[in-house]
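What follows is a short report on a single structure.
Note that ligands are numbered from 1 as they come in the structure, with each ligand's atoms numbered from 1 the same way.
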Amino acid sequence: MNVAGQLYRLQQLDLELERKQQELNEVENQLSDNKALVPAESEMVSQKGQLEEARKRQESSEWELEDLQEKVRQIDSKLYSGKTKDSKELVNLEREGKALRSRIGTKEDALLGLMSQVEEIEAKVRTTGEGIERLKRECEQRQETFRPRKSEIETLLAKLRADRDGLVQQIDLEALSIYERIRLTRAQAVVKVERGRCLGCHITVSTSQWQKARAGDLIQCNNCGRILYLD
Ligand SMILES: [Zn+2]
């Protein structure tokens, strides 16, 4: 194999290495992807906080209601025990009892509202929790799919690198540095010549260049500077 042939082979390895490295990056992105899980978990924290608050409000409303009911019981027992004889006091007690019952009615309505708020938030927490479980399952499935693919690609990359190292040992250093320099700016540093044209820029290669390349010299296209390869 002449030097252009070696460089062409080297380029094939380099392009394949790039493709596989790119593929590995994509697989690793898939493996570490928990973009959807993070906001769901923070939503869960916030909903649990809301639930705790709502439950506290419900509890304190229940205590207030119990207090009022206890007061009404005390008034009723005074009213109906027969111990209170003073009619003015009895009227006052009745008025107080009526006011308390009206407050109890309002409190009960408010309590019902609070209870339904708690139920609503509980339902949200359940939905968010189910969403998190689903995302975790999807994440596990991704791991199962992509982990074997990852190790496959890593094995392939190691083999490609070893092949490359072996090939580089055989290539003339000056030719190698020309190749590396062109590769800095062009994906393809070595191109085939077909029907007399450079496949990099599609300009016709001069006969003398063609002959030198055919003879195995390292020839760069006059137009685009790529290394010409005749197989
Ligand atoms: Zn060219």
Test item: Gln12 and Glu16 side chains (from C-beta on) under 4.5 Å apart, heavy atoms
no

Check: Arg186 side chain, Cys224 main-chain N or O, donor-acceptor pair, under 3.5 Å:
yes

What is the total of protein N/O/S atoms that are closer to the Zn ion (ligand 1) than 2.8 Å?
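The number of such protein atoms is 4.
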
Kindly give the heavy-atom pair with the smallest separation between Arg57 and Leu114, and that separation in Å.
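Minimum heavy-atom separation between Arg57 and Leu114: O-CD1, 3.7 Å.
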
If you apply the rule side-chain hydrogen bond (donor to acceptor under 3.5 Å, both in side chains), what do you find for Gln22 with Glu18, and how did you get there?
CA-CA 6 Å; Gln22 174 74 27; Glu18 279 172 15; over 6 Å; no

Run the numbers on Leu218 and Lys212 for side chain to side chain contact (heavy atoms under 4.5 Å, CB included), then give the verdict.
CA-CA 8 Å; Leu218 186 78; Lys212 284 180 192 162; over 6 Å; no

Would you call Lys71 and Asp76 a salt bridge, using N to O less than 4.0 angstrom?
no

